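What follows is a set of notes on a single structure, which appears directly below.
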Amino acid sequence: MGIFSAMTTAISGLRTQSFALEQISGNIANSQTLGFKRNETNFVDLVNEEQGSSQVAGSVKGKTRSTNRVQGEVSGSTVGTHMGISGDGYFIVEESSIGAGGETLFSDQNLYTRRGDFEVDRNGFLKNGAGYFLKGRELDPISGNIISSLPSVIKISNDFLPARRTTEVIYRANLAVFPLTATADRDVPGSEFLRGPFGSNPTTQPIYYPAQTIGGISFNDDLSAQIKGSGAMFEPDQAQVIVGKGVFDTSEKGGFFTVNGITVNYQSGNSGAEIAEAVTSAMGDDVSAYFDSEDNRLILTASDADVTINLSGFGLAAVGLDKQETIKPQINLLTQGLSQNDILIIRAGTNENRISFGSGSSQISTINELESALDGLVGVNAANDEKGNISLVALENNKNIIISGTVQPNLFGLQSIVRSSNEQISGLNGLLEVTVGNGQKQLIDLRGVRVRNELLQSLQGLAGVKADFDAGGRVRIVASNNMDVIKLSGEGALELGITTASPIPEEALNGYVTNQDTEIFLNQSIDGGSIVIFNDSGEPVDLQLRWGKLSEDPGNWNLFYKEQSNPLRPEEPVWRNIGMDYTFDSSGDLLSSFGTPIIKNMEIDGISIGRIQFDHGRGGLSQFSTFKGTTRLTEISHDGYAAGELTKIGLSENGHIQASYTNGRSLSIAEVSLASFNNPNGLQKIDGGSFLATDSSGEALFGSSGKIEGQSLEGSNTDVADEFTKLLVTQQAYAAGTRIISTGNEMLQEALNMIR
């Protein structure tokens, strides 16, 4: 039997080496196939059932081992829609068929591939060289927001991009303190101003409404009873622990992250234990860390309950950590003044609520459990802060709140008293400081005000304002003069929830420069730049701007746009004032009270543009001295564009399919979706470098840590030199196996010769 067994084992070896040769052949054949993942051969021994000293080496079987985790080389491409993946992930694709009418039909089955040679086919679909169609999530081309929740086959439309009317002009510039107009002379005071004489006044004055401010607190005729807890001092008793959740992998590159603001650096290939040691060393006594090698994750522990752990930094993902918000530590109430079976009773009118403290299943023992219990109270809104202060507000007017039970109310900052309504005002303990216009500061002592009418009488005694309550019961103060500013300060302003208010410029009288005054205007103003804007149909219009300075202290300017290029009569308008006074302080900054310039219906050379808003941004306009005495533009742009024809399709840095048009616009129309798997080596290979999900691979997880590289392709991960080495080894092993068979045959011949 030994000779026959040896020959049988040798035959299994020949069969397995043939299987290995087949794998090597396929790998070499696909060494230039995009996205191909080579197969390795695992040799598995099969042993007989003999035990101990009688056991001999058995036969062998070959199994395929996938290398889907091994990255192929990513190289550049000249095609804009070619894509390669660096790191984890797979493109999601679908197969197709041709319907009866010639239309493209899809299988609705997700397949997965690393082959990224996608190009737009005649129907507008992105198809790779193996015939699979790319899937992604549709984007709103204007906002960039995701429209579809699940990936679908991406289709590129050749439709024209519709024109968009200009609605906003972004304009940022510095105006020279002394504008060098044609008539300006540094030796002649006021020669730089826009003064005329004009047949029609080209300056503008806004129409102001009175300054008015409305309080944020509502004082109704009947106020709900309320108790605000204060003074509770429960302390946390459990230190914060943060456990890593992600995959720990620092093999590709190093990085850093911060723990409570302290930076921890790590290098490529650092182990979890090394990074844990670095955290502990950097944090001293506050935070310690160790690496759980079984679960492959970092664990950070605060030294005590008063220390929180806050994480940030781009390097968190590689070490398996997420950005953490401050976690509220657990507070055990039963160790800080409360006893088993203590009861807190809260009555709101006829509604009685009981909260039982203790360790039982329906009892409360922690601050977090108390927060949930307060949400379920009847007849009262209740909440607690992190120190345990309970605040209560009755849901109905004229309903009292009564606190009782075996619990000491002051543990939760509560007073065991009845709080009623009837126009009562609580919480007013400060001074209200009011200044109207340029008048003197007026003071109201709110510490003695306890009812609604007393508050109203105190406010009505102020000079220069009118005071009352609006329909919602909120304090309202209105200036008597429509040009006065109301300035409010002091603790009382915070208690009433009211803030400083300025007169509101509602609309302006748009002055204009007539045809006969154009030369005077041009000589007394400076160029403000120009830009081409668009109307609803995408017709281009040249928006030309000029500045005229009106006064020095404060620096006051008006902005004009050219309304008509070829007027026929002397009285026709040529330059139109946009309708706002630009006033700068002594530091050259635009006054903070300046509003938003809006032209309700701009018309240029008979072409209607519509409503235009000027956006100067914060600090975007200034008045500083310059040698040239001109307008120095830092930005002039707008949000409109003409209609455009599709010119090319490409991929943006964030993995979006981007369409470029002849009008210069580039819009993101779809997000390329990547899928990942817990066990990518468990995927089933199918034709064309694609894979099917299996029970072994697990379900596809949408989203991946891999990065899509535009104008790139991932090649095969086959190393031809390595495959030739394996080929020689396989050949030698096969030859050795044949020698065993020939030797066994000779031995059998010798055995037969013995009986001849």
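Just so it is clear, the structure is predicted and the values come from calculations on it, not from any experiment.
Taking the six-membered ring where the residue is Trp, the centroids of Phe91 and Phe133 are separated by 6.0 Å or more. Two rings, from Tyr112 and Phe677, have their centers less than 6.0 Å apart.
Ring geometry for Phe257 against Tyr266 counts as tilted: the plane angle lies between 30° and 60°, on a 0 to 90° scale.
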Before you tell me yes or no, could you show the steps for Ser152 and Glu138 under side chain to side chain donor-acceptor pair (under 3.5 Å), namely the whole-Å CA-CA distance, both residues' side-chain angles and the distance that decides it to 0.1 Å?
CA-CA 8 Å; Ser152 59; Glu138 186 179 358; 5.8 Å; no
Would Ile657 and Leu126 count as a side-chain contact (heavy atoms from CB on, under 4.5 Å) here? Give the steps.
CA-CA 10 Å; Ile657 300 295; Leu126 284 168; 3.9 Å; yes
Stepwise, does the side chain to side chain donor-acceptor pair (under 3.5 Å) test hold for Thr9 with Ser59?
CA-CA 5 Å; Thr9 299; Ser59 58; 5.4 Å; no
Residues Ile147, Leu139; criterion side-chain contact (heavy atoms from CB on, under 4.5 Å); working and verdict
CA-CA 5 Å; Ile147 297 176; Leu139 301 177; 5.8 Å; no
side-chain contact (heavy atoms from CB on, under 4.5 Å) between Glu94 and Lys135, intermediate numbers included
CA-CA 7 Å; Glu94 271 194 28; Lys135 300 182 74 172; 2.8 Å; yes
How far apart are the C-alpha atoms of Lys127 and Glu119, what are their side-chain angles, what is the distance that settles it, and do they pass the salt bridge (charged side-chain N to carboxylate O under 4.0 Å, His left out) test?
CA-CA 6 Å; Lys127 183 171 67 173; Glu119 295 187 27; over 6 Å; no
Test side chain to side chain donor-acceptor pair (under 3.5 Å) on Thr64 and Asn42; report intermediate values, then the result.
CA-CA 6 Å; Thr64 300; Asn42 274 350; over 6 Å; no
Trace of the side-chain contact (heavy atoms from CB on, under 4.5 Å) decision for Val264 with Met283
CA-CA 9 Å; Val264 178; Met283 298 307 298; 5.6 Å; no
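When atom types are taken as modelled, the side chain of Thr694 and the backbone of Gly682 share a donor-acceptor pair closer than 3.5 angstrom. Remark: side-chain polar atoms of Asn30 are not paired, donor with acceptor, to backbone N or O of Thr33 under 3.5 angstrom. Of the possible polar contacts, one joining the Thr8 side chain to the Phe4 backbone as a donor-acceptor pair under 3.5 Å is found. Judged by distance alone, the side chain of Ser704 and the main-chain N or O of Gly706 form a donor-acceptor pair under 3.5 Å. The main-chain N or O of Tyr661 is never found under 3.5 Å from a side-chain atom of Glu645 such that the two would form a donor-acceptor pair. Looking only at distances, a side-chain donor or acceptor of Thr113 sits under 3.5 Å from a matching main-chain atom of Arg115. Judged by distance alone, with hydrogens and angles left aside, the side-chain atoms of Glu746 form no donor-acceptor pair with the main-chain N or O of Thr743 at under 3.5 Å. In this structure, Arg137 contributes its side chain and Ala670 its backbone to no donor-acceptor pair below 3.5 Å. Put simply, the side chain of Asn270 gets close to the backbone of Gln267: a donor and an acceptor are under 3.5 Å apart. A donor-acceptor pair is defined here as one N or O able to donate and one able to accept, closer than 3.5 Å; such a pair exists between the side chain of Asn681 and the backbone of Asn68.
To the nearest 0.5 angstrom, Leu667 atom CG is 10.0 Å from Leu646 atom CG. With rounding to the nearest 0.5 Å, the separation of OG in Ser742 from CD1 in Ile740 is 9.0 Å. If you take CG on Leu311 and CD1 on Ile242, they are separated by 4.5 Å, rounding to the nearest 0.5 Å. A distance of 6.5 Å separates OG of Ser690 from CG of Asn128, quoted to the nearest 0.5 Å. The distance from atom CD1 of Ile364 to atom OG of Ser372, rounded to the nearest 0.5 Å, is 7.5 Å. Atoms CD and CD, from Glu714 and Glu709 in turn, are 11.0 Å apart once rounded to the nearest 0.5 Å.
For the residue pair Ser668 and Gln658, the shortest heavy atom distance occurs at OG-NE2, 3.8 Å. Scanning all heavy atoms of the two residues, the minimum distance from Ile741 to Ala10 falls at CG1-CB, 3.8 Å. Across all non-hydrogen atoms, the minimal contact from Leu651 to Val672 is CD1-CG2, 3.9 Å. Closest approach of Glu369 and Gln363 over heavy atoms only: OE1-O, 3.8 Å. The minimum heavy-atom distance linking Met83 with Leu134 is given by the pair CE-CD2, 3.6 Å. Of all non-hydrogen atoms in Asn310 and Thr308, the two that sit nearest each other are ND2-OG1, 4.0 Å.
Counting heavy atoms from C-beta outward, Leu21 and Leu727 have side chains that approach closer than 4.5 Å. Contact of the Tyr641 side chain with the Leu161 side chain is registered, since non-hydrogen atoms from C-beta on lie closer than 4.5 Å. Looking only at side-chain heavy atoms (C-beta outward), Phe125 and Ile156 stay at 4.5 Å or farther from each other. Between Leu105 and Glu95, every side-chain heavy-atom pair lies at or beyond the 4.5 Å cut-off. Contact annotation: the side chain of Thr41 never approaches that of Lys63 to less than 4.5 Å [non-hydrogen atoms, C-beta and beyond]. For the pair Phe160/Thr662, no side-chain contact is recorded, criterion being any heavy-atom separation below 4.5 Å from C-beta on. Within the 4.5 Å cutoff, side-chain heavy atoms of Ile275 are placed close to those of Thr250. Gln731 places none of its side-chain heavy atoms less than 4.5 Å from the side chain of Gln17.
Taking a 6.0 Å sphere around CZ of Phe724, one finds it holds 12 or fewer heavy atoms contributed by other residues, nucleotides or ligands. In Asp375, the CG atom is crowded: over 12 heavy atoms of neighbouring residues, nucleotides or ligands sit closer than 6.0 Å. More than 12 heavy-atom neighbours from other residues, nucleotides or ligands sit within 6.0 angstrom of CD on Gln71. At most 12 non-hydrogen atoms from other residues, nucleotides or ligands lie less than 6.0 angstrom from NZ of Lys61. For Lys707, the NZ atom is loosely surrounded, since the number of other residues' heavy atoms within 6.0 Å does not exceed 12. Few gaps surround CD on Glu723; more than 12 heavy atoms of other groups in view lie less than 6.0 Å from it.
The closest side-chain donor-acceptor pair between Thr366 and Asn368, if any, does not fall under 3.5 angstrom. Looking only at atom types and distance, the side chain of Lys155 has no donor-acceptor partner in the side chain of Asn123 under 3.5 Å away. At a cut-off of 3.5 Å, with distance as the only test, a side-chain donor of Ser660 or Ser666 sits close to an acceptor on the other residue.
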